[in-house]
Amino acid sequence: MSTSKGRITQRQVAIEAGITPDFLNHILKGRRPCPRMVALRLESVTGIGRETWVWGSPEEMQKALAGFAAGQGAGHGP
């Protein structure tokens, strides 16, 4: 699930969670709340707790997802 640079994209996270990249973007920007069932799928894909997806601020969600994406590059090639 990583790119050639070893980092996962928001698009890949969305697809793995069964939602559109646009919907994930709306959640991350605080324009749409994250439904509980989607939060469970996002938690499964990213390991970021469902509490963050449902009740976290947009900044908290963005920071957590950035940390997840950066961690996906650890130990991978260029």
* Asked: Is Val54 linked to Val13 within one hydrophobic cluster, defined over Ile, Leu, Val, Met, Phe, Trp and Tyr using a side-chain heavy-atom separation of less than 4.5 Å?
  ->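 The answer is no; the residues belong to distinct hydrophobic clusters.
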* Are Val45 and Leu40 co-members of a hydrophobic cluster defined by side-chain heavy atoms under 4.5 Å apart? ->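 No.
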* Asked: Of Ile19, Ile27, Thr52, which is the lone residue that meets side chain to side chain contact (heavy atoms under 4.5 Å, CB included) with Cys34?
  ->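 Output: one option passes, namely Ile27.
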* Do Gln62 side-chain atoms and Glu59 backbone N/O form a donor-acceptor pair below 3.5 Å? ->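 No; zero donor-acceptor contacts below 3.5 Å.
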Pairwise side-chain contact, [X] with [Y], heavy-atom cut-off 4.5 Å (strictly under):
X	Y	answer
Trp53	Thr46	yes
Phe23	Pro35	yes
Gln12	Thr9	yes
Leu24	Arg11	no

* How close do Arg41 and Ala17 get, heavy atom to heavy atom, and via which atoms? ->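 Shortest heavy-atom separation between Arg41 and Ala17 comes out as NE-O, 2.6 Å.
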* **Reported CG-to-CZ distance for the pair Asn25 and Arg32, which is rounded to 0.5 angstrom** =>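 The CG atom of Asn25 sits 12.0 Å away from the CZ atom of Arg32.
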* Check step by step if side chain to side chain contact (heavy atoms under 4.5 Å, CB included) holds for Leu42 and Ile48. => CA-CA 7 Å; Leu42 286 167; Ile48 298 167; over 6 Å; no
* To do: Please indicate whether Arg36 has more than 12 foreign heavy atoms, meaning atoms of other residues, nucleotides or ligands, lying under 6.0 Å from its CZ.
  =>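 Open.
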